[in-house]
Amino acid sequence: MANYVLEILDGDRAGEVLPVGQSALRIGRKSGNDLVLADEKTSGVHCEIAPEGDRLVLKDLGSTNGTFLDGKRITEVVLTPGDVVTVGRLRVQFRDGDDTGVSEDAGEFSLRQIDAARLQKKGSPIGLMLVLLVVVGGGAGAWWWMQTGDAGDVRRRAAPQRREVLNVDSNLLDADIASCESDLGWSLDRGPIAFRPSGDAHTGRGGLSVFIERADEDGERAAPAGDFGILRLAEPLKVLAGSTMTVAAHCQTNSGGVVGLRAVSFAESAESPFRFVSGTPIATQESWQRLEAVVTVPDGCSRLQVEIVAVLPSEDAEVNVDDVAITAGGSPNGVKVKLDSGLTAFGFGGAVAVRSPDPQSPAAVIAVVPGAVPAALAGLASAGQCVLTDVGATLQVTAEGDGFQFEASDVDAMSFVLPADSGAGLMVDDGRGVFASAPAASEFSAAKVLFGSFGTRGMLRFEAPIKVLGSTDGGYYTLTAPAPAAQLVVGFREERQQAGALVRRAKESVNEGRPKDALDAVREVFESWPMDSAELADAQTLRAQVLGAQAAAARALEQDFEQAGFFDTRGGYERVVEGVDQLVALYGEDNMEDLAGTMALRERAEQQLRAFDRTTYKAQRERLTALADAFAAASEPGLQKMVRDYISRFLPEQEGGEEPARDGGRD
């Protein structure tokens, strides 16, 4: 048998060579194997290479994640020099250690050619005859093989001839990275399911693939079907703002897998919140297809990232990627719409953000993404990784009045991704023309939704009231509306003038001792004109001042009530009742901060007054009754009758403990 070896192509041990001898060679993660691969995706005892006559046969030993040759999962196969086998995440190459010069692309007959050459070296005329028989027989066998199928996967069909690695002129990626022959320069595990090097290639001998991994014998949990994987460059490319770049990759899917190509622009500074993502729809590609995305780098961005997003809706689904390129040029598609207020909608393609002129709060809207996605993309969306172009949508932005009109195609719902603090002070108009506060994380009916503050103050306006969902997740606040269009208002000149006039009127009312009028004006600001943060802040300050005085007056009445109880005086309770009536008249019932509590204080004072009246009534009746009895004893019937008539008229006997009239029984 020839001097065959295995060479490790990936990982920390890349370049190491292990001879393949006359006995079986086992490969796996456990230490007892002949070739130990420290890779978590490799099974404990994964596969083996065993001699069978003059052949070397590779057998998968029931591994969890499979053994792959040329991108195809195998159970048993005759090895040919040059074969690259993927075990777990790592690749090993089977080759002739003597460098016999046999081409790696010799295919099905290369091992036979080596055997024939060895016979020729022995100088036997029988050997020459055997060579001819092998060649002739091999050709006939190949024809039979192609006609009858794979015969249970014991031997594979003739390997297709591989094309030379695709070389794209002016590719800004290094050739070793662009070729995808290994994981060099790539970040494979940016999603729940990791990409891995494989032999399934568009050109060359290798590419990058992703598929569902099943639980192994150690109980490792598999990724559920429907999850996704994202392949990215390990180091994004440096680019210039305003330049137009074309990103391309060759992709192929199997068994329902779907894939999309993205170009991502962002700033080198971590302080910039903007990240623009646009690309191709996520879809099936049953044969190798070139996917392309063109982007004009927005202002402030200096980095360009490539993303290949794969979604696997079933356990058999698979996505393969190869031959990636970034080149300068393409049809410019930059978006930049600026308002007089300084706010700017900018981005490219289906990715747009709104920038505030306030350097302390630069983002008014961070992104617009689909509000609803197909079921296959649900995992991607829940992870906050779905963008408009994933579902084939585009976004148009135009200036309209003091804001922007957003029109999305091919979607029924949009989500506006906002800074995390945008949910604070959220105000909603449900279509009746009155704004009211709403919890940030809730669902509400709205025709208008106010969010943010000062430089990032904005309002979403819809054609009709709809159900809007507010949620906080991943450091952002999101408003999702079931509508493909919305107006984003970011300038409030007229509203500021209206609010300002009301605030001035409220201040005059306070100075003139008319707190009710002041609070009525402030309430109108909140309900009708709360758009401008500065005027709203003034109104809030004034309202707090007026309500502070109201609260102080209410506390003084509480103290009067406590003192009346201590001294047991009727006059103290009367002052509390009169004071409450005056307080409510001064501020108005609608403006009482604690109307229920204030009226409860009045009722408590009334109860004490009624108790005083009952005691006084009883004492007066007893005194006058005793006087009438005295007149009777003194034989003064006239005086007796006069006293009894008074008792009957003003101090009648009370049934059931009823209370006397407030003015009854007084001398």
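A distance-only check finds a donor-acceptor pair linking the side chain of S43 to the backbone of T64 [under 3.5 Å]. At distances below 3.5 Å, at least one donor-acceptor pair connects side-chain atoms of T389 with backbone N or O atoms of G279. Judged purely by atom type and a 3.5 angstrom limit, R29 uses its side chain to pair as donor or acceptor with the backbone of T42. Under the 3.5 Å distance criterion, the side-chain polar atoms of E268 are left unmatched by any main-chain donor or acceptor of S302. Checked by atom type and distance alone, the side chain of D174 never pairs as donor or acceptor with a backbone atom of D176 at under 3.5 Å.
In this structure, the side chains of F228 and L312 stay at 4.5 Å or more apart for every pair of heavy atoms. Considering only heavy atoms from C-beta on, V368 stays 4.5 Å or farther from V417 through its side chain. Here the side chains of L6 and I27 are in contact, with some heavy-atom distance below 4.5 Å. Between V259 and V309, every side-chain heavy-atom pair lies at or beyond the 4.5 Å cut-off. Within the 4.5 Å cutoff, no side-chain heavy atoms of L90 are placed close to those of R13. Side chains of N254 and N320 form a contact here, defined as non-hydrogen atoms less than 4.5 Å apart. A heavy-atom distance below 4.5 Å is found between the side chains of W288 and D322. Annotation: side chain of F346 is not in contact with side chain of V335 (no heavy-atom distance under 4.5 Å).
A salt bridge links D299 with K336: the closest approach of a Lys/Arg side-chain nitrogen to an acidic carboxylate oxygen falls below 4.0 angstrom. Looking at D34 and R26, no side-chain N of the basic residue comes within less than 4.0 Å of a carboxylate O on the acidic one, giving no salt bridge. Ion pairing between a basic and an acidic side chain is recognised when a charged N comes within 4.0 Å of a carboxylate O; E52 and K59 show such pairing. A salt bridge is absent between R262 and E292: the closest approach of a Lys/Arg side-chain nitrogen to an acidic carboxylate oxygen does not fall below 4.0 angstrom.
No donor-acceptor contact under 3.5 angstrom links the side chains of S255 and D316, judged on distance only.
Closest non-hydrogen pair, V36 versus N33, comes out as CG2-O, 3.6 Å. Listed here is the closest heavy atom pair of A201 and G207: CB-N, 4.2 Å. What you find for H202 and L166 is that their closest heavy atoms are CE1-CD2, 4.5 Å. Taking each heavy atom of L388 and P370 in turn, the nearest pair found is N-CD, 3.4 Å. Among all heavy-atom pairs drawn from V311 and A376, the shortest one is CG1-O, 3.1 Å. Annotation for L208 and S182: closest pair CD2-O, 3.9 Å, computed over non-hydrogen atoms.
Partners of S272 under the side chain to side chain donor-acceptor pair (under 3.5 Å) rule, at least two apart in sequence or in another chain, do not exist in this structure.
Interatomic distance, D39 CG to R89 CZ, rounded to the nearest 0.5 Å: 6.5 Å. Taking CD1 of I282 as the reference point, atom SG of C386 lies at 6.0 Å (rounded to 0.5 Å). In this structure, OG on S179 lies 12.0 Å from CD on E164, to the nearest 0.5 angstrom. Note that CD of E318 is 9.5 Å distant from OG1 of T253, once rounded to the nearest 0.5 Å. One finds the OG atom of S23 at 7.5 Å from the CG atom of L25 (value rounded to the nearest 0.5 Å). F195 contributes atom CZ, which lies 13.0 Å from atom CG of D183 (distance to the nearest 0.5 angstrom).
Counting heavy atoms of neighbouring residues, nucleotides and ligands inside a 6.0 Å radius, atom CD of Q396 does not exceed 12 of them. Heavy atoms from other residues, nucleotides or ligands lying under 6.0 Å from CG of D410 number more than 12. Annotation for D473: atom CG does not count as buried by contact number, only 12 or fewer foreign heavy atoms lying within 6.0 Å. Residue F266 places its CZ atom among more than 12 non-hydrogen atoms of other residues, nucleotides or ligands, all under 6.0 Å distant.
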message = For a side chain to side chain contact (heavy atoms under 4.5 Å, CB included) check, start with the C-alpha distance between L304 and I326, then their side-chain angles and the critical distance, and finish with the verdict.
response = CA-CA 9 Å; L304 181 67; I326 301 177; 3.9 Å; yes

task = For side chain to side chain contact (heavy atoms under 4.5 Å, CB included), just list the numbers for Q285 and L291, CA-CA rounded to whole Å, side-chain angles, deciding distance to a tenth of an Å, and then say yes or no.
result = CA-CA 10 Å; Q285 307 293 342; L291 306 184; 3.7 Å; yes

request  = Report the C-alpha distance between T75 and D60 in whole Å, list the side-chain angles of each, state the deciding distance to 0.1 Å, and finish with yes or no for side chain to side chain donor-acceptor pair (under 3.5 Å).
outcome  = CA-CA 5 Å; T75 56; D60 184 273; over 6 Å; no

key: Test side chain to side chain contact (heavy atoms under 4.5 Å, CB included) applied to V85 and R91, step by step   = CA-CA 5 Å; V85 178; R91 295 177 305 157; over 6 Å; no

query = For L18 and V5, what are the C-alpha separation, side-chain angles and deciding distance, and is it a side chain to side chain contact (heavy atoms under 4.5 Å, CB included)?
reply = CA-CA 5 Å; L18 181 71; V5 296; over 6 Å; no

request  = Step by step, work out the salt bridge (charged side-chain N to carboxylate O under 4.0 Å, His left out) result for R275 and E307.
outcome  = CA-CA 13 Å; R275 187 173 183 268; E307 286 187 350; 2.6 Å; yes

query = Given the rule in the side chain to side chain donor-acceptor pair (under 3.5 Å) test, do T394 and S409 qualify, once you have shown the distances and angles that lead to the verdict?
reply = CA-CA 5 Å; T394 58; S409 67; 2.6 Å; yes

query = Where do E286 and T284 land on the side chain to side chain donor-acceptor pair (under 3.5 Å) test, with the steps shown first?
reply = CA-CA 6 Å; E286 294 183 358; T284 58; 5.1 Å; no

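Only one option out of L233, V306, L261 pairs with V324 in a side chain to side chain contact (heavy atoms under 4.5 Å, CB included); it is V306. With L58 as the fixed residue, the side chain to side chain contact (heavy atoms under 4.5 Å, CB included) test singles out one of I74, D83, L69, V78: I74.
Cation-pi contact between R95 and Y4: absent, since separation from the ring centre below 6.0 Å together with deviation from the ring axis within 45° is not met.
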Per-pair distances, 0.1 Å, donor-acceptor, side chain in residues 234-247, under 3.5 Å, sequence neighbours excluded:
residue	atom	partner	partner atom	Å
S243	OG	L240	O	2.6
T244	OG1	T296	OG1	2.9
T246	OG1	G329	O	2.7

